[in-house]
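Excluded from the calculations below are hydrogen atoms, water molecules and symmetry mates; all remaining heavy atoms, backbone and side chain alike, are included. In the text below, chain A, chain B and the rest are named by the order of the sequence lines, each starting its count at 1.
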Amino acid sequence: MIQQLFFIYFAFAITGLSLLVVTRKNPVHSVLWMLLLFFHIASLYLFLNAEFMAAIQVIVYAGGILVLFLFVVLLMNIREELRIGKYIGAGPTGFTFAAALLVVVFMSLRSFVAAPPGIYSIDLIKKETHTMVLGKLMYTEFLYPFEITSLILLVAIIGAIVLAKRRLKT
Amino acid sequence: MDINNIISPQLLDAFIKFGINVLVIILKIVVVLAIGLLHVAYATYFERKVIGHMQVRLGPMRVGPHGLLQPFADGLKLFFKEDIVPANADKVVFYIAPIIFMAASMVNLSVIPFSYGFTIADFTISPVIADINIGLLFIFAMAGMGVYGIFISGWASNSKYAFLGGLRSAAQVISYEIAMGLSLVGVMIMAGSLNLTDIVRAQEESVFGMFAIPQIVGFIIFTIAAVAETNRTPFDMPEAESELVAGYFTEYSGFRFALFFLGEYIAMIIMASMATICFLGGWTLPWYITQVVPFINYVPGIVWFLMKVYACIFFYYWIRATLPRYRYDQVMGIGWKILIPVALANILITGLVKIIMTMYGA
């Protein structure tokens, strides 16, 4: 009962905060609402006994990526809202696509089938601690996809450096 | 009407247990906060005294014997000062910035353990408010939050000095956060846990008695990164007086300034506690010391813990009094070109040694 109440609160808060993020006129305020949003998402992970995910959510998204957002926003120093005709004019089209996507999501929800439960029950994860379970799985069963992911990230980093260097020369 | 008809004895029992647990937690929070704030007050006094004596001065002497009441005089002064908000400042953000900064460093006090748990009349009391499995990651996460307080205070002040200080600080803190996180991975590998109590226990059981010996590289990187993370000399670029007046809190006065001050000192105490817990063995002493001098076992663990923390804090004051400030590009160079690669190599070597040791069953 209490868990459900908490979940209802977090579900509504996350939706509300997301709306606040995209509707603020001042980008710095958007970033601050997003910070609060990330904390709420981290709390949702905590409800799933995924404490490691919660901590990583805060460290990586709130502590790393969002700070970089803030950097960009502050360096551009936009104090008032920009209105570029090219993007404003495409509003109705975008809205149509978004509505269509929502309909598709709702239609696919009806054919949702829960996956068969694996060996990792809640009790087992609680006993072994979430960090341990995640680490073991990631470096044994899912080692191959994990390494591919890191390779893709490496390519992105190298690409960024190459682009920055090219601009330095000219 | 019989009360037993309404509330079953089991339920009543559960309620009483719940009540006692809540009471214990609240008591712990009050005690930890009170002790923490007292430490902050006297950390400022200690800093002025230490630096004073290093520069052949006396430090504060007027208020009370040897200036012992100076922190309270300072606190009172700050409390009654006028609260000024600059024109064209973003008021709401300006108000919440110091609160974010202070809360982000204060909340870390909740996961720092001070000693092993002890039992009083059937109740096991562990001297930590929240004994969570991811204590180490929690401190990282919250240390990363402090940068928001700094950053948005610089932005909201609508002042060039504050803005530059905020930018510098954000760049510095996110750079050194990586080095600090990587330097502690060696400790995580050796302890096999992220729980701070488990890390101390692993050190007590290890051959070396403390991780500062096998993890000496990690310890050095952590110490440097911790100084940079708390914006202290020689890494005090964000508040470089000669260039930026006071950096990000230039426009703050009175009690809001005091909140920044408080947050900074608590962050310093947290970093000293982290060094103590992760590298210096926390509240335990290495077995080779306790075997040589057995009566030392009668000293409660918290005494050792505090002594180690004070030693770390003294170290911060010491380098503040002796070292000049780095240039900004030097700060970035040390962080990215030296500390992070060395920390990565340290992780690799620690992991290899651990694998070899488990292979040969040592």
ask   = When only pairs under 4.5 Å are counted, which of A:Leu68, A:Leu66, A:Val60, A:Val31 shares the most heavy-atom pairs with chain B?
value = A:Leu66

inquiry  = Taking side chain as everything from C-beta outward and backbone as N, CA, C, O, which of these in B:Leu167 sits under 4.5 Å from a heavy atom of chain A? Side chain, backbone, both or neither.
reply    = both

ask   = Would a 4.5 Å heavy-atom cut-off, applied to side chains only, mark B:Val173 and A:Val67 as touching?
value = no

Chain A contact via B:Ala171 - which portion, at a heavy-atom distance below 4.5 Å = both

query = Does any heavy atom of chain A fall under 4.5 Å from the side chain of B:Leu194, the backbone, both, or neither of them?
reply = side chain

task = Check the surroundings of atom CE in A:Met132: do more than 12 heavy atoms from other residues, nucleotides or ligands lie under 6.0 Å from it?
result = no

inquiry  = Return the CD1 to CD1 distance between A:Ile59 and B:Ile178, rounded to the nearest 0.5 Å.
reply    = 12.0 Å

task = Can you measure from CD (A:Glu51) to CG (B:Asn133) and round to the nearest 0.5 angstrom?
result = 5.0 Å

Flag if over 12 foreign heavy atoms under 6.0 Å of OH, A:Tyr139 = no

inquiry  = To check you understand the geometry: which heavy-atom pair defines the closest contact between B:Ala141 and A:Ala55, and what is its length?
reply    = CB-O, 4.4 Å

request  = Take atom NZ of B:Lys354 as the centre, draw a 6.0 Å sphere, and report whether it contains more than 12 heavy atoms from other residues, nucleotides or ligands.
outcome  = yes

task = Find the one option among A:Leu35, A:Val58, A:Leu32 whose heavy-atom pairs under 4.5 Å with chain B are most numerous.
result = A:Leu35

query = What part of A:Phe38 lies closer than 4.5 angstrom to a heavy atom of chain B: side chain, backbone, both or neither?
reply = neither

ask   = Taking atom CE of A:Met53 as the centre, does the number of heavy atoms from other residues, nucleotides or ligands within less than 6.0 Å exceed 12?
value = no

Quick one: side chains of residues 13-23 of chain A, donor-acceptor pairs under 3.5 Å with protein atoms, not counting sequence neighbours, listed by atom name and distance.
{"residue": "A:Thr15", "atom": "OG1", "partner": "A:Ala11", "partner atom": "O", "Å": "2.6"}
{"residue": "A:Ser18", "atom": "OG", "partner": "A:Ile14", "partner atom": "O", "Å": "2.5"}
{"residue": "A:Thr23", "atom": "OG1", "partner": "A:Leu19", "partner atom": "O", "Å": "2.7"}
{"residue": "A:Thr23", "atom": "OG1", "partner": "A:Leu20", "partner atom": "O", "Å": "3.4"}

ask   = Under 6.0 Å from the CZ atom of A:Phe97, do we count more than 12 heavy atoms belonging to anything else shown?
value = no

request  = Supply the atom-to-atom distance A:Phe52 CZ to B:Ile134 CD1, rounded to the nearest 0.5 angstrom.
outcome  = 9.0 Å

task = Heavy-atom distances under 4.5 Å only: say whether A:His130 touches chain B with side chain, backbone, both or neither.
result = neither

ask   = Is a side-chain N or O of B:Tyr148 found less than 3.5 angstrom from the main chain of A:Gly63, in a donor-acceptor match?
value = no

query = For atom OH of A:Tyr61, is the number of surrounding heavy atoms from other residues, nucleotides or ligands below 6.0 Å larger than 12?
reply = no

